[in-house]
Amino acid sequence: MEEMERRSKNFIEEIIEKDLESGRVKEIRTRFPPEPNGYLHIGHTKAMCVDFGMAEKYGGKCNLRFDDTNPTKEDVEYVDAIIEDIRWMGFDFGDRVYFGSDYSEQIYQYAVQLIKKGLAYVDDLSPEEMREYRGTLTEPGRESPYRNRSIEENLELFERMRKGEFESGEKTLRAKIDMASPNLNMRDPVIYRIKKEPHHRTGTQWCIYPMYDFAHPLQDAIEGITHSLCSIEYVDHRPLYDWFLEKLEIPNPPRQYEFARLNINYTVMSKRKLRELVEKGYVDGWDDPRMPTLRALRRRGFTPASIRNFIELNGISKTASVADWGLLEHCVREDLNKNADRVMAVLKPLKVVIENYPEDLVEEFDVENNPERPEKGTRKVPFSREIYIERDDFAIDPPPKYFRLKPGGEVRLKNAYFIKCTGYETDENGEVTLVRAVYDPASRGGESPDGRKVKGTIHWVSAKHAIDAEVRLYDKLFAVENPDDIPDGSDYKDYINPDSLIVIKGAKLEPCLKDAKPEEKFQFLRIGYFCVDNKDSKPGNLVFNRTVGLKDTWAKIASKQQAGNG
RNA sequence: UGGGAUGUAGCCAAGUUGGUAAGGCACCAGACUUUGACUCUGGCAUGCGUAGGUUCGAGUCCUGCCAUCCCAGCCA
């Protein structure tokens with residue numbers, strides 16, 4: 001691990017190392033605290049990498065803790081999904097799956113202690129009144145008329161709140177801090193509210209629930225968390241976090257540190273927007289491969305390693321930033337280049353007849369599975385008189401520097417033969433429908449028999465051996481870098497990339513793909529990385545999702561030429 | 001007009017006692033190539049939000065200013 005330490009330390013690592021050296025903590029304990037109210041998305045993986053990653057790196061442990069203090073928003077459906085996604089990412093929480101709701105009694109007792117110290121009171125203000133009393137950003141708030149109830153009265157009222165003697169919203173328990181604080185979080189924050197709603201874990205056992213600001217530091221304390229790592233918007237909450245721990249005299253209190261959350265261009269991360277895309281049918285569900293949810297990325301073919309590397313390369317800091325989707329693409333390419341087997345697939349087939357090749361002959365060529373990993377061996381690929389090539393690999397009137405197939409031109413069929421185009425047929429629209437060619441038997445295996453240079457090498461599939469498949473070409477969900485920052489009067493949904501999904505029905509694949517399994521990943525030679533869809537693909541009816549295309553220098557050259565000519 | 005956080009290249013991001021701007025992505029130019037992929041080589045901030053100041057010397061210290069983001073849930 002040490003020799004891999006090429007990058008400089010981030011500020012959290014500095015803090016942890018200092019704490020370890022000074023003996024402030026003996027062992028690192030962190031927590032990953034999702035609220036089970038939705039699916040995890042790639043933004044959450046940054047928190048995962050920080051929470052689990054720091055524990056991993058420094059020989060500590062990270063707890064998975066569901067932050068479930070609001071029964072109206074949470075559901076077990078999400079806890080199962082979240083656990084599955086974290087496991088898929090490869091993070092280890094052992095048997096340390098905790099629920100904030102399991103600490104209900106302890107948190108309640110802490111609240112009682114606060115009341116006894118004269119540091120909390122039961123308030124009768126309505127939500128509207130409370131907002132008025134809170135003041136504004138520039139004006140101090142006013143104290144509630146109920147602020148000075150006696151400790152005895154507060155104790156009694158709080159107990160009656162617990163017993164269900166009041167209706168939802170009728171009373172709250174508030175910390176008594178400072179209504180004039182410039183930090184609004186310190187203006188007597190509500191720490192308990194009445195919600196007569198069944199909770200997904202505790203049922204109807206409780207009708208009062210602690211607020212995040214009160215529950216979180218105490219949950220951390222109960223679990224012996226040493227470093228409570230969270231995102232930057234909680235900086236303003238830290239004084240409150242510390243206040244509770246101090247007033248309740250928690251020994252060796254946990255400390256909170258904040259880092260910037262992850263934003264990525266060409267997508268949206270807000271739960272509200274993601275939900276809208278799903279509910280209004282702009283995408284095909286939470287696991288639509290264009291979504292930034294983990295289930296979607298998984299289905300699209302992204303690997304946990306590539307996502308973790310993406311987070312790693314982006315780094316941890318406090319700067320509000322927008323990461324580049326292109327870097328994520330780079331990371332999967334890097335992973336899959338090393339790990340995905342190569343295979344030939346023709347997405348837009350154009351038939352080529354090799355006129356001097358025997359009618360009934362079938363040859364099998366040995367083709368290596370992955371040039372990056374010779375140990376992955378070879379496979380047999382059948383070849384015959386009629387093959388399919390990519391429509392883009394033939395041009396009647398090619399642009400300069402085009403070195404694929406053209407009339408009179410010669411090209412290498414990868415691992416097979418050189419062929420020379422002798423003619424072609426078109427339909428009434430001028431579309432090429434068939435290409436005629438002859439092969440050079442001496443070029444068997446794609447070798448140059450006489451040392452002649454054939455610059456172009458293209459992929460192909462034997463027509464009679466090809467299997468059909470549906471191929472879904474996915475691209476960025478949005479056509480603009482920042483769908484959250486668009487002109488007034490427009491809607492972010494107007495900027496959905498119309499080409500974010502292109503479905504190809506009649507793709508022709510080499511036969512070895514027949515038994516490809518869901519989530520299996522391949523490089524379609526010269527095209528990109530593809531993954532067997534884990535939902536719709538069935539034997540005999542294969543569906544492949546494009547994770548990402550290969551880098552395409554030719555496309556760049558061609559578009560430059562076009563720009564130059566236009 | 002209150003408080004907090006943050007400003008280093010197109011995008012991330014190092015830079016810890018002041019000593020002359022790491023690295024990655026992207027991009028550009030070459031080499032190699034039976035994937036126009038991969039890999040390799042070279043290029044890419046007289047400049048660190050800005051204006052002053054201290055100093056032999058400032059991204060680092062001081063002062064002022066500007067910009068962006070967060071906060072007025074009985075959400076997390």
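In what follows, chains carry the letters A, B, and so on, assigned in the order in which the sequence lines appear, proteins first and then strands, with residues in each chain numbered from 1. Note that the coordinates shown come from a computational prediction; the quantities given were computed from them, not determined experimentally.
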For [X] and [N], is the shortest distance between a side-chain N/O and OP1 or OP2 below 4.0 Å?
{"X": "A:R193", "N": "B:C75", "value": "yes"}
{"X": "A:K271", "N": "B:A76", "value": "no"}
{"X": "A:K455", "N": "B:G36", "value": "no"}
{"X": "A:S321", "N": "B:A13", "value": "yes"}
{"X": "A:K18", "N": "B:U16", "value": "no"}
{"X": "A:K560", "N": "B:C28", "value": "yes"}
{"X": "A:R131", "N": "B:G73", "value": "yes"}
{"X": "A:R404", "N": "B:G36", "value": "no"}
{"X": "A:K551", "N": "B:A26", "value": "yes"}
{"X": "A:T69", "N": "B:A76", "value": "yes"}

Output a table of donor-acceptor pairs, distance under 3.5 Å, between side-chain atoms of residues 321-328 of chain A and any protein atom two or more places apart or on a different chain; print 'none' if there are none.
{"from": "A:D324", "atom 1": "OD1", "to": "A:N265", "atom 2": "ND2", "distance (Å)": "3.4"}
{"from": "A:D324", "atom 1": "OD1", "to": "A:G326", "atom 2": "N", "distance (Å)": "2.9"}
{"from": "A:W325", "atom 1": "NE1", "to": "A:E329", "atom 2": "OE2", "distance (Å)": "3.1"}

Item to complete: Step through it carefully: locate the ring centre of A:Y529, locate the ring centre of A:F522, and say whether they are under 6.0 Å apart.
Response: no

Worksheet item: Salt bridge between A:K57 and A:E13, side-chain N to carboxylate O under 4.0 Å?
Response: yes

Please list every donor-acceptor pair under 3.5 Å in which a side-chain atom of residues 475-488 of chain A meets a protein atom from a residue at least two apart or in another chain.
{"from": "A:N482", "atom 1": "OD1", "to": "A:D484", "atom 2": "N", "distance (Å)": "2.9"}
{"from": "A:N482", "atom 1": "OD1", "to": "A:D485", "atom 2": "N", "distance (Å)": "3.4"}
{"from": "A:D484", "atom 1": "OD1", "to": "A:K273", "atom 2": "NZ", "distance (Å)": "2.6"}

By nearest atom, which of the nucleotides [options] is closest to the [X] side chain?
{"X": "A:K73", "options": "B:C38, B:C75, B:C12", "answer": "B:C75"}
{"X": "A:D552", "options": "B:G36, B:C28, B:C70", "answer": "B:G36"}
{"X": "A:F403", "options": "B:G36, B:U35, B:G7", "answer": "B:G36"}
{"X": "A:K414", "options": "B:G24, B:A37, B:U35", "answer": "B:U35"}

Item to complete: Using atom CD1 of A:I316 as one end and atom P of B:A5 as the other, report the distance to the nearest whole Å.
Response: 20 Å

Fill in: Spacing of A:R134 atom CZ relative to B:G73 atom P, expressed in whole Å
5 Å

Worksheet item: Under 3.5 Å, is there an N or O donor on one side and an acceptor on the other linking the side chain of A:N183 and the base of B:G4?
Response: no

Worksheet item: Within the structure shown, what part of the strands sits under 4.0 Å from A:M211 by heavy-atom distance: base, sugar-phosphate, or nothing?
Response: sugar-phosphate

Response to the item:
So the stems of RNA chain B, runs of at least three Watson-Crick or G-U pairs (under 3.5 Å), are B:2-7 with B:66-71, B:10-12 with B:23-25, B:27-31 with B:39-43, B:49-53 with B:61-65

